[in-house]
Amino acid sequence: MSDTYKPSWVPEEENDKFACRVMYGVTGGHEGTPGVTVDKKDKVTPAIKRRKLEVDDYVEGVLKCDRAILSRAITLVESNAAAHFEMAQQVIQKLLPYTGKSTRVGITGVPGAGKSTFIEALGTNLCRGGHKVAVLAVDPSSTVTKGSILGDKTRMEQLSREPNAFIRPSPSGGTLGGLTRKSRETLLLCEAAGYDTILVETVGVGQSETTVRSMVDFFLLVVLTGAGDELQGMKKGVMELADAIVVNKADGDNKQRAMVTRAEYERILQFLRQATENWTTHAYTCSAYTGAGIMELWNDVIEAFMKHGWGNGVLVERRKQQTLSWVYTMVEEHLHNLFYRSPAIIGCKEEIEREVVGGKISATMAVQDLINRFAAAELSGVNVKDSSPFEIK
C-alpha cells in the first residue's frame, strides 16, 4: 500500500482498537457522491434537481416559517450574483410589512469570552419559555483561502435541537467587525418568519467590533476575567457603545475574580458617555456553563431596556437612524464597486501604481488622478442603473 494511504499515526502493534488503514475511494460515483445515485446495475443516474422557487414561493414559505425555504431565501440574499439581486430585493420588499416586531440583541466580545456558549444558554432558556429565537452567527473568514468553518450551529448542540430556534452561520468575508454585508436583510427575513428574538453574534475582534450597533436595539459586551488591563484590552470605542457589560464564566474558583472584574468595569463606566439616552449602562456577572445570571440578565436588563426604549421613543428613533445609515453604507459600497469596475480605472491602474512606487508622484496626487479619471469617464460596459450594489469584481 502506498504511503499516501497510510494514517498520519499508527500504533506499534496493529489491533482491532485502531484504524490502521485508509480505504481507497470508490471510482465512478456511489450513493454518497453529491449529484449522483447508483442503481443496482451500478449505472450512474442524475440526481433529482430541487424545484426552482419564484418570488411568491419564497414569500409564502418565509411567512409560514418553513425553515428550508427561509434558509434558501437567506442564501438568495447573500448571493453576490447580479441575477439573484433583483429577485432577492423583490422578496425583501414583499416581506417588509411583516418585519420590525422582534427584539434585536447584538452580542460581542473578545475571542474566548464565551459568546457562543452564552447565546446557547440564553437561547435555549428563551425557547423553553415560549420565545422563537433566531441566531445570526458571523464566523471569521480566512484571509488566505477566503473560506470559513461556519461551525456555530454544530457547537450550539442543545439550542440546535429546539424547534423554536433557527441558527444561521455566515462568513464575515473580511468585513471590519465581522458584520456581513447581508446581515441586515437576513435579520428582516427572520423577523418576517415570526422569530421574536434575534441574537446577532459577531466575530469578536475588540476595538473594531462596533458595526453591529448599526442593526440592533440592545448591544451586549461579553468579557472575561484574567485578560489583563480591561480598560486598555477592550478599548473605549466598543465599551461606550454597550448597553450592558457581562462578565462571563463567573463559576467555581473564578466566581470571586469575576465579581472583582465586574466592579472594575462598573467604575470605568462612570467616566464614559452613556450609549443610549436615559439609560445607564452597568456591568453584571453570569455563567453560561451553569446558567447562573442568564435569565436575570434577560428579564431585569434587556426586557427592561426594551420597555423603556419603546416607551420614550428612543428605539423608534434608533431604528430610523439605522435604516438611513444602512442606505448610505450601501451607497458607499456601490460606488466602491463601480470605481474598481470602471474601464478607465482598470486601464490606468497599473501605470499609476508604478509611478507611486517609483516615487514619481505622491500618493495624494495618485488618488486625485484616479478620482478625476473616474469622474470624467463613461462607464462603458457597466450599466450603473441595473448593476447590483453587491456584485464584486
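Counting begins at 1 with the first residue of the sequence.
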Trainee: According to a hydrophobic-cluster definition based on side-chain heavy atoms being under 4.5 Å apart (Ile, Leu, Val, Met, Phe, Trp, Tyr only), do Val222 and Met259 belong together?
Mentor: no

Trainee: With rounding to the nearest 0.5 Å, note down the distance linking CD in Glu185 to CG in Leu95.
Mentor: 11.0 Å

Trainee: Once salt bridge (charged side-chain N to carboxylate O under 4.0 Å, His left out) is applied, what residue pairs with a partner in residues 118-135 remain, sequence neighbours excluded?
Mentor: Arg128-Glu162

Trainee: Could I get the full list of salt bridge (Lys or Arg N to Asp or Glu O under 4.0 Å) partners for Asp196, not counting sequence neighbours?
Mentor: none

Trainee: Is Asp56 salt-bridged to Lys94, cutoff N-O under 4.0 Å?
Mentor: yes

Trainee: At their closest point, which heavy atom of Ala283 faces which heavy atom of Tyr265, and how far apart are they?
Mentor: CB-CB, 3.9 Å

Trainee: Do Val314 and Met306 share a hydrophobic cluster (ILVMFWY, side-chain heavy atoms under 4.5 Å, transitive)?
Mentor: no

Trainee: Would you say Ile92 and Leu189 make side-chain contact, with heavy atoms under 4.5 Å?
Mentor: yes

Trainee: Tell me whether the rings of His336 and Tyr340 are parallel (<30°), tilted (30 to 60°) or perpendicular (>60°).
Mentor: tilted

Trainee: For the residue pair Phe305 and Trp279, does the interplanar ring angle fall in the parallel (under 30°), tilted (30 to 60°) or perpendicular (over 60°) class?
Mentor: perpendicular

Trainee: How about Met215 and Val200: do any of their side-chain heavy atoms sit closer than 4.5 Å?
Mentor: yes

Trainee: Does Asp66 form a salt bridge (Lys or Arg N to Asp or Glu O under 4.0 Å) with Arg72? I'd like the steps, not just the answer.
Mentor: CA-CA 10 Å; Asp66 185 320; Arg72 292 180 65 178; over 6 Å; no

Trainee: Tell me, which pairs form a salt bridge (charged side-chain N to carboxylate O under 4.0 Å, His left out) where one or both residues lie in residues 286-297, sequence neighbours left out?
Mentor: none

Trainee: Do Leu221 and Val246 come close enough that some side-chain heavy atom pair is under 4.5 Å?
Mentor: no

Trainee: Rounded at 0.5 Å granularity, tell me how far CZ in Arg104 sits from CG in Leu187.
Mentor: 5.0 Å

Trainee: Taking atom CD of Gln93 as the centre, does the number of heavy atoms from other residues, nucleotides or ligands within less than 6.0 Å exceed 12?
Mentor: no

Trainee: Does any part of the side chain of Leu76, heavy atoms only, come nearer than 4.5 Å to the side chain of Tyr58, both counted from C-beta?
Mentor: yes

Trainee: Report yes if the side chains of Phe219 and Val105 come closer than 4.5 Å at any heavy-atom pair, otherwise no.
Mentor: no

Trainee: Go through Arg184 and Thr329 one step at a time and tell me if the side chain to side chain donor-acceptor pair (under 3.5 Å) criterion holds.
Mentor: CA-CA 12 Å; Arg184 293 177 177 87; Thr329 299; 5.1 Å; no

Trainee: Test side-chain contact (heavy atoms from CB on, under 4.5 Å) on Phe166 and Ser71 and set out the steps.
Mentor: CA-CA 9 Å; Phe166 178 80; Ser71 297; 3.5 Å; yes

Trainee: Testing the basics here: between Ile345 and Leu370, what is the closest heavy-atom pair and its distance to 0.1 Å?
Mentor: CD1-O, 3.4 Å

Trainee: Of all the heavy-atom pairs spanning Glu201 and Ser116, show the shortest one and how long it is.
Mentor: OE2-OG, 2.8 Å

Trainee: How far does CG of Leu220 sit from CG of Asp243, to the nearest 0.5 angstrom?
Mentor: 9.0 Å

Trainee: Same hydrophobic cluster for Tyr284 and Tyr289, using side-chain heavy-atom links shorter than 4.5 Å among ILVMFWY?
Mentor: no

Trainee: Testing the basics here: between Gly123 and Leu159, what is the closest heavy-atom pair and its distance to 0.1 Å?
Mentor: C-CD1, 3.5 Å

Trainee: Please examine the side chains of Cys286 and Leu297, heavy atoms only from C-beta on, and report whether any two atoms are closer than 4.5 Å.
Mentor: no

Trainee: Please report the shortest heavy-atom distance between Ala366 and Ile352, naming the atom on each side.
Mentor: CB-CG2, 3.7 Å

Trainee: Once salt bridge (Lys or Arg N to Asp or Glu O under 4.0 Å) is applied, do any residues pair with Glu317, and if so which ones, sequence neighbours excluded?
Mentor: none

Trainee: So for atom CD, which belongs to Glu353, do other residues, nucleotides or ligands contribute more than 12 heavy atoms lying within a distance under 6.0 Å?
Mentor: yes

Trainee: Among all residues two or more places apart in sequence or in another chain, which pass the salt bridge (Lys or Arg N to Asp or Glu O under 4.0 Å) test with Glu266?
Mentor: Arg262

Trainee: Are Lys307 and Glu303 ion-paired here, with the side-chain N under 4.0 Å from a carboxylate O?
Mentor: no

Trainee: Between CG of Leu96 and CG of Leu188, what distance do you get to the nearest 0.5 Å?
Mentor: 6.5 Å

Trainee: Less than 4.5 Å apart, side chain to side chain, heavy atoms only: is that true for Ser102 and Tyr195?
Mentor: no

Trainee: State whether the number of non-hydrogen atoms from other residues, nucleotides or ligands found under 6.0 Å of Gln274 atom CD is greater than 12.
Mentor: yes

Trainee: Taking only residues two or more places apart in sequence, or in another chain, which ones meet Thr103 in a side chain to side chain donor-acceptor pair (under 3.5 Å)?
Mentor: none

Trainee: Check the side chains of Thr276 and Arg318 for a donor-acceptor pair under 3.5 angstrom, ignoring hydrogens and angles.
Mentor: yes

Trainee: Would Ser287 and Asn248 count as a side chain to side chain donor-acceptor pair (under 3.5 Å) if you check the C-alpha gap in whole Å, the side-chain angles of each, and the deciding distance to 0.1 Å?
Mentor: CA-CA 5 Å; Ser287 171; Asn248 194 16; 5.5 Å; no

Trainee: What I'd like to find out is whether the side chain of Asn125 reaches to under 4.5 Å of the side chain of His131, using heavy atoms alone.
Mentor: no

Trainee: Work out which heavy atom in Ile69 is nearest to a heavy atom in Asp57; give both atom names and the distance.
Mentor: CG2-O, 4.0 Å

Trainee: Looking just at side-chain N and O atoms, do Thr75 and Arg168 make a donor-acceptor pair shorter than 3.5 Å?
Mentor: yes

Trainee: Output the distance between atom CZ (Phe339) and atom NZ (Lys349), rounded to the nearest 0.5 Å.
Mentor: 8.5 Å

Trainee: Distance check, rounded to the nearest 0.5 Å: Thr261 atom OG1 versus Gln256 atom CD?
Mentor: 10.0 Å

